[in-house]
Amino acid sequence: MTKPGRYGEFGGQYVPETLMNALIELEAAYTKFSQEPEFRAELKALLEGYAGRPSMLYPARKMTQDLGGAQIYLKREDLNHTGSHKINNVLGQALLAKKMGKKRLIAETGAGQHGVAAATAAALLGMECEVFMGVEDMERQQLNVYRMKLLGTKVTGVSSGTGTLKDAVNEAFRCWAGEADTTFYMIGSVMGPHPFPMIVRDFQKVIGEEVRAQLAVEAGRLPDCVIACVGGGSNAMGAFYDFIDSPGVRLVGAEAAGHGVDTRMNAATVTMGETGVFHGMKSLFLQDDGGQIMPVYSISAGLDYPGIGPEHAYLASIGRAEYLPVTDAEAVDSFEYLAKVEGIIPAIESAHAVALARKIAPEMGPEEILVICLSGRGDKDVQSVAKYRGENIHE
Amino acid sequence: MTKPGRYGEFGGQYVPETLMNALIELEAAYTKFSQEPEFRAELKALLEGYAGRPSMLYPARKMTQDLGGAQIYLKREDLNHTGSHKINNVLGQALLAKKMGKKRLIAETGAGQHGVAAATAAALLGMECEVFMGVEDMERQQLNVYRMKLLGTKVTGVSSGTGTLKDAVNEAFRCWAGEADTTFYMIGSVMGPHPFPMIVRDFQKVIGEEVRAQLAVEAGRLPDCVIACVGGGSNAMGAFYDFIDSPGVRLVGAEAAGHGVDTRMNAATVTMGETGVFHGMKSLFLQDDGGQIMPVYSISAGLDYPGIGPEHAYLASIGRAEYLPVTDAEAVDSFEYLAKVEGIIPAIESAHAVALARKIAPEMGPEEILVICLSGRGDKDVQSVAKYRGENIHE
Amino acid sequence: MNRIDATFEGLRHRREKALITFVTAGDPDMATTEALVLEMIAQGADLVELGVPFSDPMAEGPIIQAASARALEAGATLPGIFDLVTRLRSGGVTETPLLLMMYLNCILHYGKDRFFEACARAGIDGVIVPDLPYGEQVEISGEARAHRVHLISLVAPTSRDRIHAIAQNSEGFLYCVSSLGVTGTRAGFATDFDAFFGEIQRHATVPTAVGFGISTPEQAKALAKYAEGVIVGSAVVDLVAKHGTGAAAPVGAFVKALKNAIRE
Amino acid sequence: MNRIDATFEGLRHRREKALITFVTAGDPDMATTEALVLEMIAQGADLVELGVPFSDPMAEGPIIQAASARALEAGATLPGIFDLVTRLRSGGVTETPLLLMMYLNCILHYGKDRFFEACARAGIDGVIVPDLPYGEQVEISGEARAHRVHLISLVAPTSRDRIHAIAQNSEGFLYCVSSLGVTGTRAGFATDFDAFFGEIQRHATVPTAVGFGISTPEQAKALAKYAEGVIVGSAVVDLVAKHGTGAAAPVGAFVKALKNAIRE
Ligand SMILES: Cc1ncc(COP(=O)(O)O)c(C=O)c1O
Ligand SMILES: Cc1ncc(COP(=O)(O)O)c(C=O)c1O
């Protein structure tokens, strides 16, 4: 990292001046509280006593045997309360908000995963919460909208732009700009202006730290490869971070290639994107000829984002991590594979990581260890996979 | 217990002679393996290393504060892999089946919870699996049907009778009667002929044992009251069993009262049922004037069963446990309550237990401890609760 | 003397095998059942089983399940079945044993003692309870005996060590289940009948009858050699399903063919 | 001398406040924008901002968001906007400063140096980049300066400790954001303008202009007293939304009213 908030050339704080004070205040508060033993103890209590951490590191013996290469472990974030790694981040941010004396939480959401997590944290900590969600996404994800309402959160539709995640992010920033004194913006991934990418990464790095500790006990050594899917990049950064300075650990991110990187229907930011500035950060983005942000596509709603967190862009630029595209077809195939082989239905996001593992593991030796970050569970995706397979399912 | 397989007058083995040998073989195998350290170690490894046990005992501080009585703890079976206590049972039974040299597993399912758990265990242990499911239930629960197929299980529709859970049980027994030499029947609750109620209870009693151990650490003492919902009764028996001989622990089961016990639309077996023989056991059943088994109703598919496990019937008969009816309205209300207050969306089954806790906790002292067995998570129920509230949600 | 015992004794004297046929009472209505019973007896049935419909006939295959559902739908009840038996007994069926085949819950719900008293009064000679295996029979055996109604025991190829005890403690006749699984019609049998019946006959104190899956005169003939009687259920019920209230003639013809087949 | 500096100097001599108006370029089409710019200048606009449409205008409220979307839909591009500016400059708009208001990504994507060169060539005097706060301006400030295009700084009521540095380092004019949140029309302002502008004026080295939410001549007049200029955007764009290609007349009338209000 070059200067605070920068990862090489990436990162920064590209936001309207109206928001700068809020970012400065946030950074100061985070710096203060994240070093206080009390804050750390409270967060630990929430993670262990509510989210269910540490999450299991599961030796996938049948998969290992089937692929005939590296020993495969699954980091079971799917077993967390609310079903994904998103809870790690929202508990951290909500607690921080509470310490900062904020009364109100806001968040953006795409398919609703981060929104549901945010609403959960808000309910638990007794705070008001409003989630911005594209109207297209609301229509597609009515169940998650209802879930957020059940948790006591107000869901506000965003009809500007494509009516999807990126527009919801825009709207959350706009809202925050108007009321940052009372309101805390809980961003959903390692994205946005500094200090968000740092804060979210810090709240997610528990994933990799646990992997290190668990493997030390299980195998007495480091993993040889860690694979995670990358939307904004929070579960991947969480899984990678503790290993960045261990050069023997290969870090691989799975990007959503949708219908293929040779089509316009993908969300493979590192593979296909260009450096740009968007959502407050300098990073890699899928853009058209005029520098307009492109509509993106993936079967996986959680990977359907035209950018990537700046720290990932940096790791890609220096070659410390690789980011490889995985198509819808490969992801669905691996979704089905893990269900059949291990009795675990992964989130379709996580299935992208599984797909890469199925390519990489057989090329590794049987003494080597490959860890897949299983970022979430797939209950939410069964319907769309069925639809993908041409089965007409209603509930 | 009076004689093996009997709980007072309840229990027994009321099955066709064609099945008796299978039951005898099962009992012998269970007796043998359940005492072997190797079997116990393997099961423990599955429960801890796959299902995610021990499940958290969560102090529900906001709920405690809100109700102003006993200290409330939630036993978080919802955090288990596949989202409910059902996994405890299927891992035990599937492992037993494997030890017995069976190639094939069969199971019945109502809404699909036990079926999905069974399919999961089968996938994990690499065994063939067929699940019987009423055609009505299949139509209502297409997602779970697809989920089972994803896990590699064959789902067979049962159109006889009411095309629901009880008919699926009938069909599973019929199937088993024809091929018990190769096939293991994994029953889904503490029901059916001996030794099933005992086996399932033994595989579920880990719930109560963990509660005891966890509370000993947390509070240095026993709970004063344990509440669980009762369909067939497996999560309740699992939660109660370790405390039966501790007379200071009040045991309360929540029965589904559907539209009310003054209507025909309920499933409140202890409150409204009579002693009878069905599904291989003597117990309490909802029956009509002619001794025909009644169609039952509850908003909760998992409690929608016309009987109850024989050990519960016994505990009710001797007054050791109470079984109180909870209506749909009360359950939905408590479903919403727990979401808002603790950020936990419970299974609608478990919400029945929460509803009783909301009545009982305020009558207890602040030094007393009440444990709710949160048998499962409520993602599966969001849609039907929305429908109950008149919201039209599609996916 | 119980009509079952008398009937088997008479058959033994005549060196004949017993033909035992089954219909579900009240399918499609009680009048048809009455006609069917009379016709089956006229065409050679030596004993008749009346199935008491139950919502959840766990031991039955699809044919009898469906008949049971039709009968319940048509309003069949246990009191109605007792009335039918009473009518049959007063209408000339004085010698042929009539049995009820039914699930335990209906007996318990009616009241055990009251039930067997009603059996005796109406003229029921035996009761077959598929979900009451040997070992649980104490549940109702006292009441049955008090009213001189035979509780028929079943024995299956999988009964193994239990065959001895079941055979020795049976009354009326011993119902030998010819195939695993549930009732229904079958193309063939996987059972090793020589071994199975060898074991049974070593211990049996009452006549034996074989049933479950017998649907043709040929099958009846082939199995008749192992036992004193042959039981045919689903195949009859199947004809009732097809012919409804007009089933008496085809059922009669079928029963006649069965009786001829086991008579040769 | 940059036209912005010259214009403010002239206004100061005449003891007039600057009226700065905004339209989204290409909404609903370039010809209309051209007509609007000419009409606004004719009716008293002293500086004109052209909004470069962006897919994701994070600092904008619904009115300008919608205009941006309409312009993109109609095919507006940065080269097209440079063409428009070139046409305006060769068509007689020689003195009035023209500024681009746009998001950083469009500049980076076009190429920083190439962009400012194009600005200079076409006759753009300043660039307002809402997502480039003081502190990140080094990103493009070198290139801007090389081509003598002013990079306009914004300062907000929440800028607090930053006001000093921003004010001291600004060029052209200092864009003082009159309300929090995004652009748009507002009924009232919660800002303590005396304190805010007191702090700004203590440090400002260039003229100040106030904007964000000013939609009526009355508001313009009330706020004009704090600064050397008043910026009106959404209210103009709203008229374009309503009147489309026929917006020149109503926009002209509105601009005239605004200018009159701040002239008194
Ligand atoms: C299960 C799961 N995995 C991964 C992601 C992608 O987010 P990120 O890249 O920030 O981990 C999401 C986003 O919703 C998700 O729900
Ligand atoms: C979450 C949950 N709780 C409870 C039950 C009821 O079963 P039991 O009474 O055997 O625990 C079910 C059955 O499907 C269930 O899914």
Side-chain angles (χ1 to χ4, degrees), chain A residues 3 5-6 9 11-25 158-181 183 192-194 274-283 285-295 306-307, chain D residues 52-62 64-66 68-69 72 75-80 102-111 115 129-140 153-163 166 175-177 179-184 186 190 212:
Chain A
K3 65 168 187 164
R6 285 282 169 179
E9 67 164 315
Q13 298 184 305
Y14 301 89
V15 294
E17 177 61 28
T18 42
L19 273 175
M20 282 306 298
N21 186 57
L23 294 178
I24 292 165
E25 186 203 20
V158 178
S159 54
S160 61
T162 50
T164 62
L165 174 59
K166 73 178 177 59
D167 310 290
V169 174
N170 293 337
E171 201 57 31
F173 275 116
R174 287 176 189 130
C175 171
W176 198 37
E179 47 183 74
D181 51 336
T183 298
H194 177 72
E274 291 168 71
T275 299
V277 165
F278 182 51
H279 282 164
M281 58 180 163
K282 180 179 280 194
S283 190
F285 300 98
L286 293 171
Q287 324 173 25
D288 73 10
D289 296 344
Q292 309 292 343
I293 302 304
M294 294 231 291
Chain D
V52 178
F54 183 49
S55 52
D56 296 83
M58 197 209 270
E60 273 20 281
I64 298 182
Q65 283 174 41
S68 214
L72 285 175
T77 62
L78 195 47
M102 64 192 298
Y103 287 78
L104 181 59
N105 198 56
C106 296
I107 298 175
L108 298 182
H109 196 269
Y110 195 84
F115 171 78
V129 186
D131 60 348
L132 191 70
Y134 177 77
E136 297 290 9
Q137 291 180 332
V138 287
E139 187 74 41
I140 54 171
S153 294
L154 291 94
V155 67
T158 51
S159 296
R160 303 198 192 166
D161 302 348
R162 297 163 54 85
I163 294 180
I166 296 171
Y175 193 136
C176 305
V177 174
S179 56
L180 291 181
V182 292
T183 58
R186 276 183 183 71
F212 260 57

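Reminder, nothing fancy here: chain letters follow the sequence lines and each chain counts from 1.
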Discussion item. Can you tell me which portion of D:P53 sits under 4.5 Å from chain A's heavy atoms? Options are side chain, backbone, both or neither.
Written reply: backbone
Worksheet item: Would you say D:D131's side chain and A:Y14's backbone share a donor-acceptor pair under 3.5 angstrom?
Response: no
Worksheet item: Checking D:A59 against chain A: side chain, backbone, both or neither under 4.5 Å from a heavy atom?
Response: both
Practice prompt. Please name the pair of heavy atoms, one in A:P16 and one in D:M58, separated by the smallest distance, quoted to 0.1 Å.
Written response: CD-SD, 4.1 Å
Discussion item. Tell me the closest heavy-atom pair linking A:Q292 and D:C106, and the distance in Å.
Written reply: NE2-SG, 4.4 Å
Worksheet item: From A:N170 CG over to D:F54 CZ, what is the distance, rounded to the nearest 0.5 angstrom?
Response: 8.0 Å
Worksheet entry | Closest non-hydrogen atom pair, A:G291 against D:N105 | O-ND2, 2.8 Å
Discussion item. For the interface with chain D, which of A:F278, A:W176, A:F285 has the highest count of heavy-atom pairs at distances below 4.5 Å?
Written reply: A:F278
Worksheet item: Okay, side chain of D:H109, backbone of A:D288: is any donor-acceptor separation there less than 3.5 Å?
Response: yes
Discussion item. Distance check, rounded to the nearest 0.5 Å: A:R174 atom CZ versus D:Q65 atom CD?
Written reply: 3.5 Å
Worksheet, complete the sentence: Under 4.5 Å to a heavy atom of chain A? For D:I107 that would be neither
Worksheet item: Residues in side-chain contact (heavy atoms from CB on, under 4.5 Å) with A:D181, at least two apart?
Response: A:E179
Item to complete: Pick one of side chain, backbone, both or neither for D:E139, based on which atoms fall under 4.5 Å of a heavy atom in chain A.
Response: side chain
Worksheet item: With a 4.5 angstrom heavy-atom cut-off, which part of A:E274 approaches chain D: side chain, backbone, both or neither?
Response: side chain
Discussion item. Please classify the contact between D:V155 and chain A as side chain, backbone, both or neither, with a heavy-atom cut-off of under 4.5 Å.
Written reply: backbone
Worksheet item: Under a 4.5 Å heavy-atom cut-off, does chain A meet the side chain of D:L154, its backbone, both or neither?
Response: both
Discussion item. Going by the rule side-chain contact (heavy atoms from CB on, under 4.5 Å), which residues pair with D:A156 if we only count those two or more places apart in sequence or in a different chain?
Written reply: A:E17, A:T18, D:T158, D:S159, D:V177
